[in-house]
Amino acid sequence: MTSNPNPSPLNLGQDGEVLPAKDLSEIALDKEGAQKPSSANFDENLIKKYPRSNRKINVEVQTYTLISETNLELKSLTSYISPYGMEFQTTRNYSPGTLLKILVSLPDYWSRKQRFVNYNRIDTPNTFKVLAKVVKTEDIGKRGKKKIILVQTVNMDEVDEQVLKSYLQDG
């Protein structure tokens, strides 16, 4: 029996044991090394009970594709937002598991971001991007035309995450 002297770090568990491929999809670690909740066991309280998460923030939503498109499909306001995900209302139905590209428009975004970065820009951006996965779609209203979409954050820039946290905490 021969073993690989340099096993790939992608197939090692916490104690160094080799994991089967199906177990790899269930493991996601945050920056501190703690296990992130997967969408199968995603707790929406991470969003709804986050401090001051009920702030209304403008977002523009588009289904994530490999084709670069400049026009976004939907403008909406968040019901809840946190670094873990967000909930917003729309007329469009997204099936669970759909990846969405979301542009979040925070008030005074660039001046808030300058507290965390040491560079200047000629232009002053007013949005940041979030890649999110649809966890749940729920019909509301009598005719079911409006939907509440709950999404889990898949990817967000670390600095933008700090800006969002400071916006929610400081106001």
ask   = Should the heavy atoms of other residues, nucleotides or ligands under 6.0 Å from CG of N118 be counted, would the total exceed 12?
value = no

request  = Locate the shortest heavy-atom distance separating F128 from L164; write the atom from each residue and the value.
outcome  = CZ-CB, 4.4 Å

task = Identify the two heavy atoms, one from I47 and one from M86, that lie closest to each other, and give their separation to 0.1 Å.
result = CD1-N, 3.5 Å

Can you measure from [atom1] ([X]) to [atom2] ([Y]) and round to the nearest 0.5 angstrom?
X    : Y    : atom1 : atom2 : value
S79  : I57  : OG    : CD1   : 11.5 Å
K136 : S95  : NZ    : OG    : 15.5 Å
K129 : M156 : NZ    : CE    : 14.0 Å
K145 : N93  : NZ    : CG    : 14.5 Å

Got a donor-acceptor contact below 3.5 angstrom from the [X] side chain to the [Y] backbone?
X    : Y    : answer
T137 : Y94  : yes
T153 : N155 : no
S76  : T90  : no

message = Run the side-chain contact (heavy atoms from CB on, under 4.5 Å) test on T98 and K133 for me, step by step, so that the C-alpha distance in whole Å, both residues' side-chain angles and the decisive distance to 0.1 Å come before the verdict.
response = CA-CA 6 Å; T98 304; K133 180 170 59 170; over 6 Å; no

Are [X] and [Y] packed together at the side-chain level, in the sense that at least one heavy-atom pair is separated by less than 4.5 angstrom?
X    : Y    : value
K165 : P83  : yes
R55  : L168 : yes
Q114 : V163 : no
V59  : K75  : no
V134 : L150 : no
Q89  : T78  : no

message = Let's go through E161 and V130 carefully: what are the C-alpha distance in whole Å and the side-chain angles of both, what is the deciding distance for side-chain contact (heavy atoms from CB on, under 4.5 Å) to 0.1 Å, and is it a yes or a no?
response = CA-CA 10 Å; E161 184 177 342; V130 175; over 6 Å; no

query = Think R112 forms a cation-pi with Y167, using NZ or CZ under 6.0 Å from the six-ring centre and within 45 degrees of its axis?
reply = no

task = Examine Y119 and F116 and state if one hydrophobic cluster contains both, with Ile, Leu, Val, Met, Phe, Trp and Tyr joined whenever side-chain heavy atoms are less than 4.5 Å apart.
result = yes

key: Non-neighbouring partners of P125 that pass side-chain contact (heavy atoms from CB on, under 4.5 Å), sequence neighbours left out   = Y109, W110, R121

note = Between F88 and the options L77, I149, I81, the side chain to side chain contact (heavy atoms under 4.5 Å, CB included) test singles out I149

ask   = In a check of side chain to side chain contact (heavy atoms under 4.5 Å, CB included) between Y64 and each of I102, L131, L100, which one passes?
value = L131

key: Step-by-step side-chain contact (heavy atoms from CB on, under 4.5 Å) determination, L99 to V154   = CA-CA 9 Å; L99 286 177; V154 174; 4.2 Å; yes

E87 bridged to K48 by N-O distance under 4.0 Å = yes

message = What I want to find out is whether K146 reaches D139 closely enough, with some N-O distance under 4.0 Å, to be called a salt bridge.
response = no

